[in-house]
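For reference, the structure is listed below as structure tokens.
Every number for a ligand or one of its atoms is a count from 1 in the order of the listing. Keep in mind that this is a model prediction, so the values were computed, not measured.
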Amino acid sequence: MLEIGTQTHPLPHQDALYILLHRNQVLIELDNEFLIPFTHFQPNSKMSAIYCGQWHGQDVFVCRFESIPKGFSEIGLRELLFLQDQAHYLLLSRAHQLSTWDRDHQFCGRCGAPMNEKHTKEHTKICSVCNLRHYPRISPCIIVSIRNGDQILLARGPQAPKDRYSNIAGFVEAGETLEQAVAREIQEEVGLEVTNIRYVDSQPWSFPHQLMVGFFADYAGGDITPAPGEIEEANWYPIDNLPNTPNNATISGQLINLHVEHIKKAKTH
Ligand SMILES: [Zn+2]
């Protein structure tokens, strides 16, 4: 497992592990498909190696390449979500988010000075001119499974495959609580009122820096009215006759499966 820790960040060294990225893709060795992170790598002086924490007791860094080095190929983080275990996915998510932050915060957003100075104990860049601090960006998003008796609501967005149905989800607005975001997104996207909003689980979704916060809610009123351009189709589905839903590696799939289990269990008591 990854330990994030609060110790002083070490400099890259020979015995460390490395995650290698090319743009937004993860690099894998051609003949060693899923050996991530890598041992026996040493970044050159031009490379920015960012400390991610300790992976099974060993320091781990992320480095970004401008072109694909010889002997490597690239694979998407989203594909790796389905191919690797949750612990590896969380490590890669963190590496990807830290690397994106480093690339996208080269200059101060307030005064425009180059951001060369880094905090030695936490991931913070400090502007040497105006002292503004820049932290890795994390964008909270709510995702919610809604129950109405023995049915749950499933919806399909315009980008989703024709036969794939999922939960309602959306970004949290500035100044909003998570629960307010849940109620607002449901009202905006399908025109329903809900009650009994409760937290279930969360998952980092590093595409590029969302944190998905999962909830259950109960139907309280209104008729399904899909928002044009946002939702192609939304319906109540009986839990014993669900359409095609997202893979269980995603929080969306996990929420649906867990909600179905809860409803079934409640019926037998
Ligand atoms: Zn500044």
Legend entry - Distance below 2.8 Å from the Zn ion (ligand 1): protein N/O/S atoms: Cys108 SG, Cys111 SG, Cys127 SG, Cys130 SG
Inset, instruction - Using the side chain to side chain donor-acceptor pair (under 3.5 Å) rule, pick out the option among Arg64, His123, Lys125 that qualifies with Asp102. - result: Lys125
Inset, instruction - Applying side chain to side chain donor-acceptor pair (under 3.5 Å) between Ser252 and each of Thr245, Asn257, Asn167, report the one that passes. - result: Asn167
Inset, instruction - Give a yes-or-no answer on whether the side chains of Ser145 and His259 include a donor-acceptor pair shorter than 3.5 Å. - result: yes
Note: [X]-[Y] ion pair, threshold 4.0 Å (strictly below):
X	Y	value
Lys264	Asp150	no
Glu188	Arg184	yes
Lys267	Asp240	no

